[in-house]
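Data block below; observations after.
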Amino acid sequence: MINNIIFDLAGVLLNLNIERDTEALLSVGLPDFEGCIANRKIRGPISLYLNGLTDKPTFLKAIRPFCFPEATDDEILASMDAVLDDLPASRLAALVELRKHYKVYLLSNLYDTAWDYTQELIQRGGYSVEQCFDEAFISYQLQLAKPNPLIYQKVFEATGIKPEETIYFDDTHDNIEAARKLGVVSCLVPMNEIESCEEYRRLLKFREGET
């Protein structure tokens, strides 16, 4: 029986705007998102920064050689944030409802600015982080990032939940596979489309016999 739910954030609960992100990246001289991922020298510093595993000065020093000389630090940092979009009210309401029947956790690779932005969206939606999640595990706070198995183990140790009683939603294949290897029931979410997942829709229904 599933007693616990773990959600990724970006691309699962928080929508991503790839078109706006592409425009912002190109405006500072970087390739589009796919181009950044394909270039190992660019992917490294961006991944470390977006996962919160490096600070802003270190990131800017590493990424600046790939940007236009005239791009400012603020513009480069803003290009990283441009992908962050909205957090639909229906998903916030669903989280609160799910917590009546399950333990609900957040496990996200995220940097501090993005987490601050997310908390603001939750508050604007009329909720608090504590209302939506039993606990939130954020990579920049833990200094660990998915798909490192240690970050999942941190969640298990901190909460006492059992992997086999847990379902996990993420939009990244490597993260899903890492969780599956640890015994977690894992569902790959199409970006921004968690409502299309049958497993998610099923969880939103009350457990049999509950009102």
Side-chain angles (χ1 to χ4, degrees), residues 7-92 106-125 136 138-141 145-148 151 168-178 186-197 200:
F7 288 101
D8 178 38
L9 180 65
V12 176
L13 299 175
L14 174 69
N15 285 331
L16 300 179
N17 190 323
I18 300 301
E19 181 177 345
R20 185 174 64 211
D21 184 49
T22 294
E23 291 178 1
L25 292 169
L26 293 175
S27 73
V28 297
L30 292 168
D32 63 13
F33 180 77
E34 292 298 329
C36 287
I37 296 302
N39 186 318
R40 180 176 55 83
K41 292 182 179 179
I42 296 176
R43 180 177 69 243
I46 287 182
S47 178
L48 287 173
Y49 176 68
L50 295 183
N51 290 346
L53 303 182
T54 193
D55 59 18
K56 288 181 175 68
T58 303
F59 164 69
L60 288 166
K61 182 178 180 180
I63 203 67
R64 181 161 286 288
F66 305 99
C67 300
F68 293 139
E70 65 272 19
T72 67
D73 288 353
D74 286 345
E75 288 170 340
I76 294 171
L77 293 174
S79 75
M80 298 296 107
D81 300 338
V83 72
L84 305 172
D85 203 10
D86 67 324
L87 207 172
S90 59
R91 292 179 189 166
L92 293 173
L106 182 68
L107 176 60
S108 180
N109 285 356
L110 212 62
Y111 57 111
D112 55 354
T113 304
W115 180 229
D116 290 343
Y117 174 77
T118 300
Q119 292 178 89
E120 289 178 10
L121 290 181
I122 292 173
Q123 290 170 1
R124 277 189 237 159
I138 312 299
S139 61
Y140 87 89
Q141 296 174 343
K146 299 175 290 184
N148 188 330
I151 197 169
Y168 171 51
F169 295 92
D170 199 301
D171 66 331
T172 301
H173 181 269
D174 288 349
N175 298 344
I176 286 293
E177 286 304 309
S186 303
C187 302
L188 185 64
V189 178
M191 183 184 292
N192 299 344
E193 295 181 9
I194 190 169
E195 290 80 8
S196 70
C197 293
Y200 175 73

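Start at 1 with the first residue, then count along the sequence.
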Legend entry - Minimum-distance pair of heavy atoms, taken over all atoms of Ile37 and Arg43: O-NH1, 2.6 Å
Legend entry - Distance (rounded to the nearest 0.5 Å) between Ile76 CD1 and Phe68 CZ: 11.0 Å
Legend entry - Pro31 and Asn39, any side-chain heavy atoms less than 4.5 Å apart: no
Inset, instruction - Using the test ring-ring contact (aromatic ring centres under 6.0 Å, His included), find all partners of Tyr49 that sit at least two apart in sequence or belong to another chain. - result: Phe59, Tyr111
Inset, instruction - For side chain to side chain contact (heavy atoms under 4.5 Å, CB included), just list the numbers for Leu30 and Ile63, CA-CA rounded to whole Å, side-chain angles, deciding distance to a tenth of an Å, and then say yes or no. - result: CA-CA 9 Å; Leu30 292 168; Ile63 203 67; 4.1 Å; yes
Legend entry - Asn192 side-chain N/O to Leu16 backbone N/O, donor-acceptor pair under 3.5 Å: yes
Inset, instruction - Please confirm whether the backbone N or O of Ile151 pairs with a side-chain atom of Asn148, one donor and one acceptor, at under 3.5 Å? - result: no
Inset, instruction - Drop me the distance from Leu53's CG to Leu48's CG, to the nearest 0.5 angstrom. - result: 6.0 Å
Inset, instruction - Evaluate the criterion side chain to side chain contact (heavy atoms under 4.5 Å, CB included) for residue pair Leu106 and Trp115; output intermediate values, then yes/no. - result: CA-CA 11 Å; Leu106 182 68; Trp115 180 229; 3.6 Å; yes
Legend entry - Neighbour count above 12 (heavy atom, 6.0 Å) for Glu177 CD: yes
Legend entry - Residue pair Leu121, Asp86: steps toward the side chain to side chain contact (heavy atoms under 4.5 Å, CB included) verdict: CA-CA 7 Å; Leu121 290 181; Asp86 67 324; 5.5 Å; no
Inset, instruction - Side-chain contact test, heavy atoms from C-beta onward, threshold under 4.5 Å: evaluate it for Asn15 versus Pro88 and give yes or no. - result: yes
Inset, instruction - Determine the minimum heavy-atom distance between Pro147 and Ala178, stating which atoms define it. - result: O-CB, 3.4 Å
Inset, instruction - List the atom of Gly125, the atom of Leu92, and the distance in Å for their closest heavy-atom pair. - result: CA-CD1, 4.1 Å
Inset, instruction - Supply the atom-to-atom distance Asn17 CG to Thr22 OG1, rounded to the nearest 0.5 angstrom. - result: 9.0 Å
Legend entry - Check: Ala71 main-chain N/O paired with Arg64 side-chain donor or acceptor under 3.5 Å: yes
Inset, instruction - Measure the spacing between OG1 of Thr172 and CG of Asn109 and express it to the nearest 0.5 Å. - result: 8.0 Å
Inset, instruction - Determine, step by step, whether Ile18 and Val83 satisfy the side chain to side chain contact (heavy atoms under 4.5 Å, CB included) criterion, reporting the C-alpha distance in whole Å, the side-chain angles of both residues, the deciding distance to 0.1 Å, and the verdict. - result: CA-CA 6 Å; Ile18 300 301; Val83 72; 4.0 Å; yes
Legend entry - Separation between OG of Ser90 and CD of Glu195, rounded to the nearest 0.5 Å: 5.5 Å
Inset, instruction - Find out whether Tyr117 and Asp81 are in side-chain contact, i.e. whether some heavy atom of one side chain is under 4.5 Å from a heavy atom of the other. - result: no
Inset, instruction - Quick one: pull up CG in Asp74 and OG in Ser79 and give me the separation to the nearest 0.5 Å. - result: 11.0 Å
Legend entry - Side-chain touch Asp21/Met80, heavy atoms, less than 4.5 angstrom: no
Legend entry - Salt-bridge criterion met for Arg20 and Asp85 (N-O under 4.0 Å): yes
Legend entry - Shortest non-hydrogen contact between Leu26 and Asp32, atoms and distance: CD2-N, 4.0 Å
Legend entry - Non-hydrogen atoms of Gly11 and Val189 that approach each other most closely: O-CG1, 4.4 Å
Legend entry - Side-chain touch Leu60/Leu77, heavy atoms, less than 4.5 angstrom: yes
Legend entry - Nearest non-hydrogen partners of Ser108 and Leu9, listed with the distance: OG-CB, 3.5 Å
Inset, instruction - Look only at the side chain of Lys146 and the backbone of Asp8, and say whether a donor-acceptor pair between them is shorter than 3.5 Å. - result: no
Legend entry - Atom CZ of Phe33 with >12 non-hydrogen neighbours under 6.0 angstrom: no
